[in-house]
Amino acid sequence: MSASDVSSPPRNIDVPAILIEAPAIDDGVECWRLARESNVLDVNSRYAYLLWCRDFAETSVVAKVGRRVLGFITGYRRPEEPNTLLVWQVAVDSAARGHGLAGRMLNTLFDRVPGVDHMETTITPDNDASIALFTGFAKRRGARVQVTELFSGDQLAHGGDDDHEPENKYRIGPIPATARTDRPVDTRQF
């Protein structure tokens with residue numbers, strides 16, 4: 001779920017200068033690059049990331065310094081449950097790690113999507129960073145977390161000797177409306 005091994009320049013990022021906003025179409029190429037360099041995320045085509053940034057910009061964010069994308073979260077409203085924001089992919093460039101950027105992006109994304117009071121994502125059992133990210137979000141927002149298996153390893157395996165961990169669904173909520181914030185989040189709390 002969360003990228004953990006992206007190779008980039010050394011850590012010389014001015015955290016306050018990072019802008020978190022809805023993606024523009026052109027940001028799709030950078031999102032594809034971050035996903036590819038993560039060596040962790042399932043990588044889709046450039047075309048898919050370009051479409052995502054066009055069609056799901058309301059429910060996704062990018063973190064940028066100037067034109068450089070340092071992180072992204074892609075998400076969408078579940079059609080059957082429009083009050084639920086499903087977070088699909090999270091990636092942070094290695095140059096921006098250790099500053100709480102994934103948590104800032106998650107907070108910003110949730111706070112800018114109107115009418116949602118639940119969040120879902122899927123995480124493999126071995127992805128401690130993503131588990132910490134989403135359970136930390138739930139704790140900060142005073143919300144419950146329910147964990148159930150959504151897709152088995154067999155469903156996700158490509159066949160043959162390909163092993164795949166199951167994808168567990170993390171359902172967070174209800175998230176109280178009073179837990180929303182209009183102010184920037186202090187990254188030191190992550």
Side-chain angles (χ1 to χ4, degrees), residues 1-4 6 8-38 40-41 44 48-77 84-121 123 129-141 143 170 172-173 175 177-190:
M1 176 66 225
S2 177
S4 62
V6 178
S8 288
R11 294 176 186 254
N12 57 356
I13 302 300
D14 180 11
V15 175
I18 297 174
L19 178 64
I20 300 173
E21 61 186 4
I25 291 173
D26 289 345
D27 293 330
V29 174
E30 284 292 293
C31 293
W32 171 80
R33 177 190 60 80
L34 282 174
R36 187 189 73 221
E37 290 177 357
S38 76
V40 176
L41 295 176
N44 297 283
Y49 288 98
L50 290 165
L51 281 177
W52 199 279
C53 289
R54 184 192 76 167
D55 294 342
F56 297 101
E58 178 186 307
T59 53
S60 300
V61 292
V62 291
K64 297 167 84 170
V65 171
R67 292 183 175 197
R68 182 175 173 203
V69 174
L70 297 174
F72 73 85
I73 296 179
T74 53
Y76 62 90
R77 288 179 187 267
T84 298
L85 174 65
L86 183 123
V87 172
W88 177 45
Q89 286 189 319
V90 177
V92 175
D93 190 296
S94 65
R97 296 230 176 92
H99 299 288
L101 185 56
R104 284 181 61 202
M105 290 190 302
L106 199 56
N107 281 331
T108 300
L109 175 59
F110 182 80
D111 289 342
R112 67 184 290 277
V113 179
V116 296
D117 61 5
H118 284 78
M119 180 183 288
E120 286 185 2
T121 194
I123 307 172
S130 286
I131 293 168
L133 173 65
F134 285 93
T135 57
F137 173 85
K139 183 178 179 181
R140 290 190 305 277
R141 300 300 175 118
Y170 282 67
I172 301 168
I175 301 168
T178 56
R180 289 184 178 273
T181 179
D182 294 328
R183 59 182 163 57
V185 177
D186 182 353
T187 61
R188 293 172 292 185
Q189 67 182 328
F190 304 109

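The structure displayed is predicted, hence computed values, not measured ones. All heavy atoms count here, side chains included; hydrogens, waters and symmetry mates do not.
With sequence neighbours left out, the side chain to side chain contact (heavy atoms under 4.5 Å, CB included) criterion links Asn44 to Ala48, Tyr49, Trp88, Gln89. With sequence neighbours excluded, the residues satisfying ring-ring contact (aromatic ring centres under 6.0 Å, His included) with Phe137 are Phe110. Every residue two or more places apart in sequence or in another chain that forms a side chain to side chain contact (heavy atoms under 4.5 Å, CB included) with Glu30 is listed here: Arg33, Val69. Every side chain to side chain donor-acceptor pair (under 3.5 Å) that Thr84 has, sequence neighbours left out, goes to Glu81, Arg171.
Paired with Val87 under the rule side chain to side chain contact (heavy atoms under 4.5 Å, CB included), one option of Thr59, Ile123, Leu133, Ile73 passes, and it is Ile73.
Pairing each heavy atom of Ala91 with each of Met105, the nearest pair is O-CE, 3.8 Å. Scanning all heavy atoms of the two residues, the minimum distance from Ile20 to Leu101 falls at CD1-CD1, 4.2 Å. Nearest heavy-atom pair across Gly75 and Ser60 is N-OG, 3.2 Å. A pairwise comparison of heavy atoms in Ala17 and Val65 identifies O-CG2, 4.2 Å as the closest pair. A pairwise comparison of heavy atoms in Ala102 and Val90 identifies CB-CG1, 4.3 Å as the closest pair. Across every non-hydrogen atom of Ala24 and Cys53, the tightest pair is O-CB, 3.4 Å.
The CG atom of Leu85 sits 8.0 Å away from the CZ atom of Arg77 when rounded to the nearest 0.5 Å. Taken to the nearest 0.5 Å, the CZ atom of Phe56 stands 10.0 Å off from the OG1 atom of Thr74. Atom CE of Met119 sits about 6.0 Å away from atom CG of Leu109, to the nearest 0.5 Å.
Of the possible donor and acceptor atoms, one in the side chain of Ser38 sits under 3.5 Å from a partner among the backbone N and O of Ala35.
Counting only residues at least two apart or on different chains, the side chain to side chain donor-acceptor pair (under 3.5 Å) pairs with a member in residues 18-29 are Asp27-Lys64.
The shortest distance between side-chain heavy atoms of Tyr170 and Ile131 falls below 4.5 Å. In this structure, Arg112 and Val61 have side chains that are in contact, with non-hydrogen atoms separated by less than 4.5 Å.
Between Asp117 and Arg141 there is no salt bridge, since no side-chain nitrogen of the basic residue lies less than 4.0 Å from a carboxylate oxygen of the acidic one.
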Does His99 form a side chain to side chain contact (heavy atoms under 4.5 Å, CB included) with Arg104? I'd like the steps, not just the answer. CA-CA 9 Å; His99 299 288; Arg104 284 181 61 202; over 6 Å; no
